[in-house]
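Just below is one structure, and these are the notes that go with it.
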Amino acid sequence: MMFLSNISLTSVVLSQVKFKLSAYSGLIYSLIILQVLGLLFATGWSSSGTSINNISINLNISSIDSGFIFVSLLAISVGNLITTRAYRYDDFSFVATRLSSNIANCIVLLIFSCYAGVTTYFSVYLMRIFLTFNSTNEFVEGPTILDDPMNSLLTILAMIIFLWMFSSLGYIAGTLFQKHKLLFFGALVIIIMLLLTGTWIRISEIIFVENSSLLILVAKTFGIAILIFATSTAISNRLGVRV
C-alpha cells in the first residue's frame, strides 16, 4: 500500500531554519569577538575641553557606536556568505524549493539580527562597568532601560531592523554575484554614480533623516529590508535548489 503525503511550505522552511541555525552557530563567536573589539575602541572616547576662570574642564564621551559598526559589517558579511555556493548546497539535504530556501535565509538572518541587536545594546552596560572601575575621573551615566523602557525597547528594535537591512544588502550583493558577475558590477556602478551625483545623499535624507519619530524610521527600514529580500528572491529564481 502506498501513501502520498504533502509537505507544507511552513514545515520545510522550519526544518531549513533549524538546520541553518545549527550549521551557522559558529557566527556567534565572531559576533562576540567584534563586540569586544567595539568595546575596546569605545574606550578611546570622543573628547572636548574648555577653560573657565583658569579651571580646565575635559568631557570624554564613550558609546557603543563602534561596536554597532563592527556588527553591521558582520551582518553584511553573513548576508553575503549565506548566498555562496557551498552554503546553498546545504539545502540539498531537504526536499526544498527556491522560495522555501530564500524564506529560511531571511528568517535566519532576522534571528541573527535579533541576537546581535540585543547583545550589542546591552554591551553598553559592560562598558559602564569597565569605566566605573578603571576611570579615575567622575563618571556620569546615561539613562538606563529602567529609566525609559519604551524608548530603550524601540532603540533595540531599531538596531535589530537596521542589522537585518544590512544583512539584506549583503544578501542581494551575493545573489547578484552568484547570478551573474556582470549584474553585480552593474549594480555597483549604479551605486557609485548615485554617490557621485549626490542623489544618494538626498535619498538617504528622505529615508533616514526626515522622520518625525524613531518608529517611522524603523518602519521605513523594515520596508526596505523586505523589498531587498523580495528582489533577491526574484533574482535567484534560476539559482534554486532541487525540488
Side-chain angles (χ1 to χ4, degrees), residues 13-14 16-45 61-82 87 102-133 139 141-172 207-208 211 213-229:
V13 170
L14 290 177
Q16 289 182 284
V17 168
K18 292 178 182 178
F19 174 80
K20 291 174 185 290
L21 288 176
S22 177
Y24 307 156
S25 59
L27 295 173
I28 300 300
Y29 299 106
S30 300
L31 174 63
I32 294 174
I33 292 174
L34 288 177
Q35 288 175 337
V36 171
L37 288 175
L39 291 176
L40 293 177
F41 276 91
T43 59
W45 306 314
I61 302 176
S62 56
S63 69
I64 58 172
D65 291 349
S66 56
F68 183 74
I69 292 174
F70 286 145
V71 175
S72 299
L73 294 176
L74 178 62
I76 296 174
S77 176
V78 172
N80 178 73
L81 183 66
I82 205 173
Y87 282 86
N102 280 287
I103 293 176
N105 289 338
C106 293
I107 294 175
V108 168
L109 291 175
L110 178 59
I111 294 174
F112 169 82
S113 299
C114 289
Y115 181 84
V118 171
T119 54
T120 301
Y121 177 84
F122 283 102
S123 66
V124 69
Y125 294 99
L126 293 177
M127 182 179 65
R128 291 180 178 180
I129 294 174
F130 175 80
L131 293 176
T132 300
F133 289 100
F139 179 64
E141 291 187 0
T144 65
I145 192 172
L146 297 178
D147 298 325
D148 191 356
M150 291 304 299
N151 185 65
S152 298
L153 291 176
L154 190 56
T155 301
I156 294 174
L157 177 62
M159 294 178 70
I160 291 172
I161 299 303
F162 265 94
L163 290 175
W164 196 43
M165 184 194 68
F166 288 136
S167 68
S168 71
L169 293 175
Y171 193 77
I172 194 172
I207 297 175
F208 301 112
N211 299 290
S213 68
L214 183 58
L215 187 59
I216 294 178
L217 174 61
V218 170
K220 286 183 178 180
T221 307
F222 181 79
I224 292 173
I226 291 293
L227 179 61
I228 294 175
F229 278 122

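Counting from 1, the numbers follow the sequence of the chain as shown.
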Exercise. Side chain to side chain contact (heavy atoms under 4.5 Å, CB included) with Ala104: which residues, sequence neighbours excluded?
Worked result: Val13, Gln16, Val17, Lys20

What pairs of donor and acceptor atoms, side-chain ones from residues 69-82 against any protein atom, are under 3.5 angstrom apart with sequence neighbours left out?
unit_1: Ser72; atom_1: OG; unit_2: Phe68; atom_2: O; d: 2.7
unit_1: Asn80; atom_1: OD1; unit_2: Gly174; atom_2: N; d: 3.4

Problem set entry | Side-chain heavy-atom pair Ser152, Tyr121 within 4.5 angstrom cut-off | yes

Problem set entry | Trp164 side-chain N/O to Cys106 backbone N/O, donor-acceptor pair under 3.5 Å | yes

Exercise. Is there side-chain contact between Ile160 and Phe222, with at least one heavy-atom pair below 4.5 Å?
Worked result: no

Seminar exercise, completed: Applied to residues 215-229, the side chain to side chain donor-acceptor pair (under 3.5 Å) test, sequence neighbours excluded, yields Asn211-Lys220

Problem set entry | Residues which pass ring pair (Phe, Tyr, Trp, His ring centres under 6.0 Å) with Phe112, listed by chain and number, not counting sequence neighbours | none

Exercise. Which distance, rounded to the nearest 0.5 Å, do you find between the CG of Leu157 and the SG of Cys114?
Worked result: 8.5 Å

Exercise. So how far is it from Phe166 CZ to Leu109 CG, rounded to the nearest 0.5 Å?
Worked result: 14.0 Å

Problem set entry | Which residues share a ring pair (Phe, Tyr, Trp, His ring centres under 6.0 Å) with Tyr115, sequence neighbours left out | none

Exercise. Looking at Leu163 and Gly117, what are the two nearest heavy atoms and their distance?
Worked result: CD1-N, 3.5 Å

Exercise. Sequence neighbours excluded, which residues qualify as side-chain hydrogen bond (donor to acceptor under 3.5 Å, both in side chains) partners of Thr120?
Worked result: Gln35

Exercise. Atom CE of Met165 and atom CD1 of Ile226: how far apart are they, to the nearest 0.5 Å?
Worked result: 13.0 Å

Exercise. Of all residues at least two apart in sequence or in a different chain, which pass the side chain to side chain contact (heavy atoms under 4.5 Å, CB included) check with Ser213?
Worked result: Leu215, Ile216

Exercise. To the nearest 0.5 Å, how far apart are CD1 in Ile161 and CG in Leu217?
Worked result: 10.5 Å

Exercise. Taking only residues two or more places apart in sequence or in another chain, which ones pass side chain to side chain contact (heavy atoms under 4.5 Å, CB included) with Ile228?
Worked result: Ser168, Leu169, Ile172, Ile224, Ser232

